[in-house]
Amino acid sequence: MSADKLGASESPAVSSVGIAESSTPGNALEKVEGKDEFDKLAEAEAPATKPSRFKLFGGKKKEKEPKEVVPLVSILQLFRFADPLDRLLIALGTVMACAAGVAMPLMTVIFAGITETFLNFNYSDGKLDQRSRDLLDSETRKYCWYFLALGLAMWLVSSVQKITWAITSERMSKRLREHFYISILRQEIGWFDGLSTGELTTRISGDVNLMQEGTGEKFSFVIQYVTTFFTGIIIAFVKGWKLTLVVLSVLPVLVGASSLMGILLARNTTGGQDSYAEAGGVADEVLSSIKTVMAFDGMSRELERYREKILKAKAAGLRKAWVLGICMGFIMFSIYSVYALGFWYGGKLAREKYMEAATVLNVFFALIIGGFSLGNAAPSMSAVSSARGAAVKVYQIVDRKSSIDPVDTESGLSADNISGEIELTNVSFRYPTRPDVQVLDGFSIHVRAGQKVALVGESGCGKSTMIGLVERFYDVESGEVKIDGVNVREYNVRSLRQQVGVIMQMPILFGYSIYQNIVWGATGEPPTREQVEQACRDANAHDFIMDLPDGYDTMCGERGALLSGGQKQRIAIARALVRNPKILLLDEATSALDSAAERVVQEALDRASANRTTITVAHRLSTIRDADVIYVIANGRVLESGSHEQLISQAGAYARLVEAQHLRQTLESSVATVAGSDSPATPELDGDEPNSPSAAEITAIIAAQATGVSAIDSRTDTRRSTAKRPSVQRSGTGLSLDEGSDKASVTVIDPESEEGKKLIDKQLQRRGLSALPRLIMKNHRHAGLIIPGTICTIIDGASFPCFSIIFSKMIVALGDKDASEQSRKVNLYAGLFFMFACVVFFAIGGRNLLFSRAGEQITFNVRYDVFRAMMRQDASYFDRKENGTGALTSRLATEAAELNRSISESIPAFIAGISSMIAGIIIAFTFDWRLTLVIIGTLPFLTLAFYFEGKSVYATTKAMKGAYEKASQEASETVSNIRTVASLTREHTFIQQFKDNSMGPYRKAIKNHYVGSIGYGFAQSTMFLVYCLAFFIGSRFILSGFITVEDMFSVIYAIVFSAIALGVMAQQSSVMTKGLISSEKLLGTLQSVPLIDSQSEDGVKIAYDDVVGNIALDSVRFSYPTRPKASILRGISLAVQPGKTIALVGPSGSGKSTIIGLIQRLYDVMSGSVSVENTDVRQWNTSSLRSSLALVGQEPVLFDYTIAENIAYGRPGATQLEIEEVAKQANIHAFIVDLPDGYNTRIGQTGGLLSGGQKQRIAIARALVRNPKILLLDEASSALDSNSEKLVQAALDKAAQGRTTVTIAHRLSTIQNADQIVVFRQGRIIESGTHEELIAEKGLYSLLVTQQSLQITH
């Protein structure tokens, strides 16, 4: 499945030349200007045979290529993950399903017998003879005992059938998820380059759920109904072969229609699931980069991109609706038509004495039961077909053999005893997704064991690629990579990587505690607490960790989002140090650190690199001047090499790089040492500061910032206090604010307490019943389909009891001794049956078509609206663990699908069941109220059975839904950070965690299935028990003279035929329960209104031309909502004049990036104010505010667009000439035009196909094309080499002219020309002034400058 060219993912929208136009939002933006100029450029660059046309975020769709038809998975292959116990359970469940299937046709034999008894009594000459009365009494009692025995047997076999198949499906799906996850982690890194994380997480939740649905009880229903069909035919043949052959003449038509339906459903399911997987990829990419989307106000564009993906899935679903409607209508039309033919012919045989009336009835009833079983099997067949379609891609991934398997612990040589000698000989390499770009070309270096080697060069020259080859993330095209003289391909991958410690340029932490993240760096036995703390001291991280409220137990957030860049990098360094590796690979290991921290950490790294092979990639040359050998790389080749002094003396490329980094001022020989820690502020607040809120008030304000509709977090980490905000007044939330008072009074119920859990359950149950109708009514335009669909369904439901009237009369007519009267009645009723067939065709066809279409349309809207609601939330919503990217992506995939099934399957089944029961009761009452009341008296028992089954399904669904979300979150986090997982060799750890996370809910689900199966079994047996009671009481009433035989049959059939629809309701109850729970969650997301609403039209809007760039912070205090006890900013006040540049410097974690987030209004302050244009940002319209800003972040995020589209993300209306101009300013144009597809090159999810420096330069171009009034630069050039930094910095300095600029930098050379430099420490401002003024003060800034200077000796 690995891609063979850039962007060659599973999406068919990727073109080998030019732009994959169909994968970008088509109508979001206007047609771009400057098309003619770019058309000429594109035509000049593209081959003549494949002209490329470029249009940003839209344009003509490319011609559809014929889709590859993938064979469906066979039925047996669906069960390939069954173990011996599963096979035993399947065998037992199959026997029980067959027994349940036999029970119904077997009942027809008993039924025919008791019917013959009543008919003989009805047409006997001596109805009042005691002998006839005694015969009726004895025969009725006998057959009622048969019904009772059959009912009890049905209870047993149905219960066993349900429990065996339910347990088997739970076991197999759990095993399949684990195998799927393991298979993903087995793959080589190149495979991930061509895929999106969201696609994989969507498949692990959505597709596997479909497979579980189709291999569980639904599969057993197919077996049961097919058995019923064939048993009915066998009984019919035995009892009367002539009539059976006539009736079966229509069988080929039924089989053909059913087969065609199954094939078409499976094909459309496969296409729909592929589109949903692509949509999941978009959602994952957007939600994981939500702050970038917010910064560039890209919500509408991403919504359109998501919409295009789910539109394809909707189209497949609408096709399924037509298939279901037409095929199901035709099948039921055929069945009812056969009744007309069969009764007509059966009456003829009865008149001609070839068959008895009771035998005709037996044959026909057996065929009726068999025929309807096919109709009842249709939803289950649909589920099995969907499972076969979904299994195709799942099995493709499970079966894929990795060329570099990091999970394998057996094959290959052990690397435990290597010394660390590294040699790359004449290596050539191209990335699998970018085969036209030569990254390394004849690259050769030799690193002796224990030697320190540095790699320098411009961004994108191949430095980080070389590190990936040493780790064996990829295999080389030609040449060799050797460690200790052995080709790396011969080593066991896991063993090799365990000897390598890596610190990446953009370190990734996992959503666990700081302590756990560091422990995962070690191999073998887990390190002790003392070893972890020592590694943190060496990495200059211990002090800031201890100052956090929860210390080492502080949660890092997804991808370490709750920590600053410098804090993350120091924890990553500690994680590498605790590993004690033989080979240490440092890829810009200190790029995010301030000078003071860098000096301390660099000393620790120098100590750590002693006696071990160390390869360092660095742009800050001060960190590698002591390296034994420095290699200068350009265009994938070694340009020059030697020690620092040797290369300086050569006055070549290296010397020029050093010169570019030299600070302009002459540093004084000594600067007074400034004491201080780089930790964030301690949690205690300074009570003596004026207007400072108390700790209780801080907690209250934090509570008001957290998002959600309820005050109860369903999953809150025990180490954090996250309360829901009450910005929208609602009852029953458990949280209240007294808006009339100065202080907020907050009452929060702990969701982990028993009281909290009970309250959550009550809320879910109370609101779940109303959530589904409310979701449907929110989409009232498409809900219009439900009205005619409901009419069709009511007709469908009522048709069966109405059918019972004619059926009863037909039974009596068959036994009529008068041949001519019998012929007249039989012909009349046969004609009425055909009329029923016509009505049923439109009723059932309309029901399936209209409800399926409504389900698809409403689900499409709900998916879109929920995704929009997610993007509407403020930043604090995404900081919470339960709202991780994987969990949200899984929520979009699974809950919307369950909503669809509820609307298309469950609601019509319930409407049909209710209408059938009402019609049946009304009809029964018209014939005899006494017998009707007796039969109705059994309904409470049936209701009780439904209750127990529904309660079981509810508990199981609730438990498993949380498990699925957690599993998806786990999968999303590991897959999106697969390089870090691979470097840490933690595949087995995450596999075990994945298994452990699902074990608890799995056991609970199994337990609930036992309870539910008993209720289900009783529900299935009720028909037999009702027959037993009804015939016995009916015989009493007949003998007492209360009713006639015909009236008794009319009452019984009216109720019993209605009960058949109730049986279908019972089978759909689990789907309905899941739909109700999902609806409540979806509605909760839709109704969640954040404090910072980016989609709101409210607030002050200032025209772009009227914005001058005035910024002011006044006594700002701030704590992140997920860490309310840690005060980040403590009374910050500063002002930025229009057109001026202000630089924020200071130790990592001192609050600099937080300032930029507050200016963008990603968060709201606790106290004080942040103003832009003399207007508090809380009064601004959020979209208007952000349209005047442009951000270049420390870790730039790009999207799976082309390079041109990524740059134009800053301003969608940008022309190609404008895009190229800003690319030149960002020093990226030359690199782009050298690519085979130039600006049309797709760069993969999050820009994964580019180096860090290349991504940062594109991000700079994206900001410049926006032409903002306020430019926010957060370490904008931290990933650039010195030469690029010099050029880009000049462009940024030029761009800053005439606009307000707020810049954060640890490389002080980039901010020495700022109009004002503000020095932060511990959330406070301790110095401010110009560069020269601060140097003269000899304070912290002066010390930072001194530590960063690199003296050049020629």
Side-chain angles (χ1 to χ4, degrees), residues 69-102 161-162 164-177 179-180 203 206-231 233 251-252 254-274 320 323-324 327-328 331 370 373-399 901 905 1067:
V69 178
V70 181
L72 295 176
V73 168
S74 68
I75 295 291
L76 289 177
Q77 278 294 299
L78 285 177
F79 299 92
R80 59 181 283 190
F81 285 98
D83 63 11
L85 177 59
D86 293 328
R87 294 190 189 98
L88 179 62
L89 290 173
I90 289 172
L92 177 61
T94 301
V95 171
M96 293 297 108
C98 291
V102 168
Q161 170 194 355
K162 170 91 170 178
T164 51
W165 282 96
I167 290 176
T168 301
S169 68
E170 290 287 356
R171 286 167 55 86
M172 287 193 303
S173 63
K174 177 176 177 290
R175 204 173 295 123
L176 176 58
R177 283 187 181 89
H179 275 81
F180 187 82
R203 293 202 183 281
D207 286 16
V208 176
N209 281 2
L210 279 178
M211 293 179 66
Q212 180 176 353
E213 191 87 10
T215 55
E217 58 190 54
K218 293 288 181 70
F219 195 89
S220 76
F221 294 157
V222 173
I223 295 174
Q224 176 183 337
Y225 288 131
V226 169
T227 303
T228 299
F229 176 73
F230 283 109
T231 306
I233 290 176
L251 182 63
L254 289 175
V255 173
S258 299
S259 301
L260 178 64
M261 181 176 71
I263 293 170
L264 294 176
L265 286 177
R267 284 184 181 174
N268 283 297
T269 297
T270 303
Q273 288 304 116
D274 287 347
K320 281 176 63 176
V323 171
L324 270 174
C327 290
M328 282 302 301
I331 288 171
S373 68
L374 286 183
N376 292 336
S380 299
M381 288 179 175
S382 174
V384 174
S385 297
S386 297
R388 293 177 64 196
V392 173
K393 286 292 175 65
V394 173
Y395 284 169
Q396 282 179 358
I397 293 175
V398 169
D399 294 336
R901 283 195 289 271
E905 297 177 19
Q1067 293 175 353

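Remember, it's a predicted structure, so these values are computed and weren't measured experimentally.
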Taking [Y]'s backbone N and O only, do any of them form a donor-acceptor pair with [X]'s side chain (distance below 3.5 Å, no angle check)?
X	Y	value
Arg87	Ala82	yes
Thr168	Trp165	no
Tyr395	Gln77	yes

Testing the basics here: between [X] and [Y], what is the closest heavy-atom pair and its distance to 0.1 Å?
X	Y	value
Ser169	Gly216	CB-CA, 3.5 Å
Arg388	Val73	NE-O, 2.7 Å
Gly101	Thr228	O-OG1, 2.8 Å
Ala97	Ser220	CB-O, 3.7 Å

Nearest-0.5 Å distance that lies between atom [atom1] in [X] and atom [atom2] in [Y]:
X	Y	atom1	atom2	result
Glu905	Leu324	CD	CG	8.5 Å
Lys174	His179	NZ	NE2	11.0 Å
Leu210	Ser385	CG	OG	11.5 Å
Phe180	Met211	CZ	CE	10.0 Å
Gln212	Leu176	CD	CG	9.5 Å
Lys162	Phe221	NZ	CZ	5.5 Å

My understanding is that only one of Ile223, Leu89, Thr164 makes a side-chain contact (heavy atoms from CB on, under 4.5 Å) with Thr94; could you say which?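 Going through Ile223, Leu89, Thr164 one by one, the side-chain contact (heavy atoms from CB on, under 4.5 Å) with Thr94 is satisfied by Ile223 alone.
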Should Arg177 and Phe81 be marked as a side-chain contact (heavy atoms from CB on, under 4.5 Å) after you check the CA-CA gap, both sets of side-chain angles, and the distance that decides it? CA-CA 10 Å; Arg177 283 187 181 89; Phe81 285 98; over 6 Å; no
Set out, in order, the CA-CA distance, both residues' side-chain angles and the distance that settles side-chain contact (heavy atoms from CB on, under 4.5 Å) for Leu78 and Met172, then state yes or no. CA-CA 10 Å; Leu78 285 177; Met172 287 193 303; over 6 Å; no
Evaluate Arg901 against Ser386 for side-chain contact (heavy atoms from CB on, under 4.5 Å), listing each step before the verdict. CA-CA 12 Å; Arg901 283 195 289 271; Ser386 297; over 6 Å; no
Check step by step if side-chain contact (heavy atoms from CB on, under 4.5 Å) holds for Gln161 and Glu217. CA-CA 8 Å; Gln161 170 194 355; Glu217 58 190 54; over 6 Å; no
Return the set of residues passing salt bridge (Lys or Arg N to Asp or Glu O under 4.0 Å) with Arg80 (not counting sequence neighbours), or none when no residue passes. Asp399
Counting only heavy atoms from other residues, nucleotides and ligands, does the tally under 6.0 Å from CZ of Phe79 exceed 12?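 Yes.
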